[in-house]
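None of the values given here were measured: they were computed from a predicted structure. Just so you know, these numbers use all the heavy atoms, side chains as well, and skip hydrogens, waters and symmetry mates. Order of the sequence lines sets the chain letters (A, B, ...), proteins ahead of strands, with each chain counted from 1.
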Number of protein chains: 2
Amino acid sequence: MAEIRSPSSARSRIVEVADRLFYERGFEATSFADIATDAGLSRGNFYYHFKSKDEILAAVISLRMDRTREMLTVWESECPEPADRLLAFANILIANRAKIMVHGCPVGTLCAELAKLEHGAQNETVAIFTLFRDWLTRQFVVLGHGENADALAMHMLMRSQGVASLATAFRDEAFIVREVDALAAWLAQPTL
Amino acid sequence: MAEIRSPSSARSRIVEVADRLFYERGFEATSFADIATDAGLSRGNFYYHFKSKDEILAAVISLRMDRTREMLTVWESECPEPADRLLAFANILIANRAKIMVHGCPVGTLCAELAKLEHGAQNETVAIFTLFRDWLTRQFVVLGHGENADALAMHMLMRSQGVASLATAFRDEAFIVREVDALAAWLAQPTL
DNA sequence: GTCTATACCTCGATAGAC
DNA sequence: GTCTATCGAGGTATAGAC
């Protein structure tokens, strides 16, 4: 049976391609022509779906927000124990190490780029960080670290960002594994 | 007495301005016109000093290399104890917190941008990281951690990168101070 | 060494035929 | 909904007068 496309398939295809290219090449370095080519559209037809580049950026950030929420929900259902949930977070670095060694963390690098561009959408990107932050905080609260749960969450986020940054610089897989192990060890007795 | 300019003063002025703009706005987002304007030159005269944007980038990276070497030398002469030298490194985050909260780490953000652009100069930027890495390693060796001195050095670099990344995202000064304190505490008994 | 003028390209964005 | 054609702005880079 022939494939039936929903009316928004072109739109979602654009967002998917933009999401990938913004990650791989950066927001500014990605042109409409790049996205249109990879999405199989003409440049002109592009503006039927998005009126500006900022609109595409907003859609991409929204997509990443949704996927992050989904991922956190999956971890919650798959890991009844908060300790295992925190380990699941740490293991993103292992699971995505190939891409991280080439393009860094999707959230961190976009946030840094938008900060330098003084782009208003930086706030929306930070909101993805906040999603992680609040979720991590809740796990630390359940573990009995209510007092400084948020500081511990920020510490975990910080280490994941640091590992991603140096992984991109040195492309050292052993470093990533070593630091994830160290993070897991820290999780056994988290202090600040 | 009138100011006497060395023949390379225009050149060094360009590099200084480019260094600042590449940090504040990013490499790609900075145009020749931007640099020329801030350096007080016409666009045309620009190419008398630099034949291409990549040449300016190379000069900027070289400048940062020199300044990093100089900084490390100063720390060595000001701090006889390796422990104090490591603290001096950690304190860059405090000293530069205002700029870091807006533009991130100069080395880390440039390295991430060049990685996405697949720019050959990424290797030269990583060399600045290596300068820090080797210097930190030497301090840990003197402190008796010869076995995993390099891993400890990478861990310190990693944490400074992570702090810079989240500092840019959340613009939280208290977070920086807290994490530098935590890093100092870790330095008292560094483990991985 | 410094300037103006300009070539040539790609960018984001628009108009209008189909 | 998709296309081609095109605009104006801004990018890198060059030529040539002074």
(request) Just compare C/dT2, C/dG12, C/dC11 and give me whichever is closest to any side-chain atom of B/Asn45. (result) C/dT2

(request) Could you please name the option among C/dA13, D/dC3, C/dT4 that lies closest to any side-chain atom of A/Ser52? (result) C/dA13

(request) Report the distance from atom CZ of A/Arg13 to atom C1' of D/dT2, rounded to the nearest whole Å. (result) 11 Å

(message) Any carboxylate oxygen within less than 4.0 angstrom of a Lys/Arg side-chain nitrogen, looking at B/Lys116 and A/Glu24?
(response) no

(message) Distance check needed: D/dG10 C1' versus B/Glu28 CD, whole Å only.
(response) 13 Å

(request) Using whole Å, report how far OH of B/Tyr48 lies from C1' of C/dG1. (result) 6 Å

(request) Please report, rounded to the nearest Å, how far the P atom of D/dT4 is from the OH atom of A/Tyr47. (result) 16 Å

(message) Could you check whether any side-chain N or O of B/Thr130 sits under 3.5 Å from a backbone N or O of B/Val126, counting only pairs where one atom can act as donor and the other as acceptor?
(response) yes

(request) Give the rounded distance in Å between these two atoms: CZ of B/Arg11 and C1' of C/dT2. (result) 17 Å

(request) For B/Arg43 and D/dA15, give me the distance from atom CZ to atom C1', rounded to whole Å. (result) 15 Å

(request) Quickly work out the A/Phe27 CZ to C/dC11 P distance and round it to whole Å. (result) 14 Å

(request) Give B/Ser31 one of three labels, base, sugar-phosphate or nothing, depending on what nucleic acid heavy atoms sit under 4.0 Å from its own. (result) sugar-phosphate

(request) Establish, yes or no, whether a centroid distance under 6.0 Å links the rings of B/Phe170 and B/Phe175. (result) no

(request) Would you classify B/Phe32 as touching base, sugar-phosphate or nothing, given that sugar-phosphate means primed atoms plus P, OP1 and OP2, and contacts are heavy atoms under 4.0 Å? (result) sugar-phosphate

(message) Which is more 5' along DNA chain C, the nucleotide nearest A/Ala29 or the one nearest A/Gly44? Just name the residue.
(response) A/Ala29

(message) Without decimals, in angstroms, what is the distance between B/Phe46 CZ and C/dA5 C1'?
(response) 18 Å

(message) Would you say the ring centers of A/Tyr47 and A/Phe32 fall short of 6.0 Å from each other?
(response) yes

